[in-house]
There are 2 protein chains.
Amino acid sequence: MQRVKLDKIDRRILRDLQEDGRMTNVELARRAGISAPPCLRRVRALEETGFIQGYHADVDAQALGYNVTVFAMVGLASQAEHDLRAFEARAAAWPEVRECHMVAGEMDFLLKIVSHSWDEYQKFLTTELTVAENVNHVKSALSIRTAKNMPGVPIDIEVED
Amino acid sequence: MQRVKLDKIDRRILRDLQEDGRMTNVELARRAGISAPPCLRRVRALEETGFIQGYHADVDAQALGYNVTVFAMVGLASQAEHDLRAFEARAAAWPEVRECHMVAGEMDFLLKIVSHSWDEYQKFLTTELTVAENVNHVKSALSIRTAKNMPGVPIDIEVED
DNA sequence: GGTGAAACACGGAAATT
DNA sequence: AATTTCCGTGTTTCACC
């Protein structure tokens, strides 16, 4: 990762693209207060230095039948680095597991899992997750409703460079 | 939300745009096996019916100095609908709170929070979250590392229409 | 869903400060 | 060194089949 400082224009670009990833370069430039070519160069630079890691359409999970989101709190029997990595690799391979975070506290991993139904989740839980190597215990927190779901991070453009 | 069935081409479009939200319409059409104009019509229809809720650049949180991600498990004193809504409104107004899910289980809400540092998080915790109306207890799970972070849902194009 | 055409945006190169 | 203007190329998006 580059440690070059971002100026106000860069942050403005990041904020706008985080808000609307399909904004055209001319509109982006207009908002940033510069002309299109340097704006595009900045975007390319932000992509190449990894500040922008990609662009994604936000697909409505429920519209596709994914009605159930569950956060699974997983405790492992062994926390040796090799065993942690092995579990992470297994979690990454399950398509219904969308996020896998190693956390400090009473659990070892927090997983965000999407399913078509509670039954489907239970099947995944009993035939995949709880029986996986080194998994000690799993607590499931079913998401009833999502009040906020903002991608990315807050970007304040009004700070000094 | 429309309950019209998506055909294989629609699912292909959704999958590709979820993967790369800035893919050009001609490339999208080429992959879907149709020409550009009908492809664009499908994309617009998917946007208007809400299957596609938006497009977002995936900004590297760490590169912007957000080194700390915390999952806060919040228990409320009162679970009356009015009080739940009040807490959700408050959570939605905090910019560092990126996600707020009401969950079933031992807690009431699961929040995903980003901060520049552990200190900044503790300040938020002690001056905002724990002192907020109706908040009973908060357990913080600091994310050590993220092994997987896939946006959206798995989209299988090879199912019958 | 496909075809053709106009409007527009992208992405160089040269000119400007 | 960076931004602005200009222009060729490709894409988007319209009307129509």
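Letters A, B, ... are given to chains in the order of the sequence lines, protein chains preceding strands, and every chain is numbered from 1. Heavy atoms only: backbone and side chains are in, while hydrogens, waters and symmetry mates are out.
- At distances below 3.5 Å, at least one donor-acceptor pair connects side-chain atoms of A:R22 with backbone N or O atoms of B:G21.
- Spacing between atom CG of B:L40 and atom P of C:dA7 amounts to 18 Å, rounded to whole angstrom units.
- B:I9 places its CD1 atom 13 Å from the C1' atom of C:dG2, with the value rounded to the nearest Å.
- B:N67 places a side-chain N or O within 3.5 Å of a backbone atom of B:G65 that can act as its donor or acceptor partner.
- If you take CD of B:E48 and P of D:dT13, they are 12 Å apart, rounded to a whole angstrom.
- The main-chain N or O of B:M23 is never found under 3.5 Å from a side-chain atom of A:Y55 such that the two would form a donor-acceptor pair.
- Ion pairing between a basic and an acidic side chain is recognised when a charged N comes within 4.0 Å of a carboxylate O; A:D156 and A:R11 show no such pairing.
- Using a 4.0 Å cut-off between a side-chain N of Lys or Arg and a carboxylate O of Asp or Glu, B:K139 and B:E106 do not qualify as a salt bridge.
- Proximity of B:R41 to the phosphate of D:dC14: no side-chain N or O atom is located under 4.0 Å from OP1 or OP2.
- Interface residues of residues 17-37 of chain A facing DNA chain D, ordered by number: A:I34, A:S35, A:P37; criterion, heavy-atom separation under 4.0 Å.
- In this structure, the side chain of B:R12 does not engage the main chain of B:G33 through any donor-acceptor pair within 3.5 Å.
- Between C:dG11 and A:R44, a contact under 4.0 Å exists linking OP1 or OP2 to a side-chain N or O.
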